[in-house]
Amino acid sequence: PGSGYQAVREGTIVRRLTELECERLQGYPDGWTEGQSGAARYRQLGNSVAVPVVEWIARRMVAVDGEIA
């Protein structure tokens, strides 16, 4: 909050999302960004798109294209 990273509230405590949580939110397998610094992992995941969302959009485009033909 205010620092450019996502956070989650647990009761009265606010904590930063872990790299693993960010990977899962974006639809990547666990450990996909391992072997990099934490900052690089957060940057890579933050500049990414959610894989399941892109897949859904592509499937809808194919379905609509099939309906038009």
Side-chain angles (χ1 to χ4, degrees):
S3 299
Y5 59 85
Q6 297 298 315
V8 66
R9 189 178 79 169
E10 294 177 341
T12 59
I13 298 171
V14 176
R15 66 171 179 82
R16 184 178 192 167
L17 292 174
T18 66
E19 293 97 331
L20 178 61
E21 290 171 324
C22 291
E23 287 174 339
R24 290 177 177 174
L25 285 170
Q26 291 290 53
Y28 290 104
D30 289 359
W32 184 257
T33 59
E34 281 183 2
Q36 304 175 60
S37 69
R41 292 177 79 181
Y42 283 115
R43 186 171 41 255
Q44 179 180 351
L45 293 164
N47 289 333
S48 181
V49 295
V51 174
V53 172
V54 173
E55 182 181 18
W56 182 86
I57 291 170
R59 289 182 188 277
R60 291 295 301 148
M61 289 172 67
V62 169
V64 168
D65 188 45
E67 293 172 7
I68 295 171

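Because the structure is a prediction, the values reported are computed rather than measured.
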Check: Looking at side-chain heavy atoms only, is the closest gap between Tyr42 and Arg16 below 4.5 Å?
Finding: yes
Item checked: Tyr28 side chain to Cys22 backbone, donor-acceptor under 3.5 Å -> no
Do [X] and [Y] sit in one hydrophobic cluster, given that two such residues count as connected whenever their side-chain heavy atoms are within less than 4.5 Å of each other, even indirectly?
X     : Y     : result
Leu25 : Val51 : no
Trp56 : Val64 : no
Ile57 : Val54 : no
Leu20 : Leu17 : no

Check: Of all heavy-atom pairs between Gly27 and Pro52, which one has the smallest distance, and what is that distance?
Finding: CA-CD, 3.7 Å
Next item on the list: Specify the closest pair of heavy atoms between Gln26 and Leu45, including all atoms of both residues, with the distance to one decimal.
Entry: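 Smallest interatomic distance, heavy atoms only, reads NE2-O, 2.9 Å.
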Notebook entry, point to check: Quick one: salt bridge (charged side-chain N to carboxylate O under 4.0 Å, His left out) pairs with a partner in residues 19-29, sequence neighbours left out?
Noted result: Arg15-Glu21, Glu23-Arg41, Arg24-Asp30
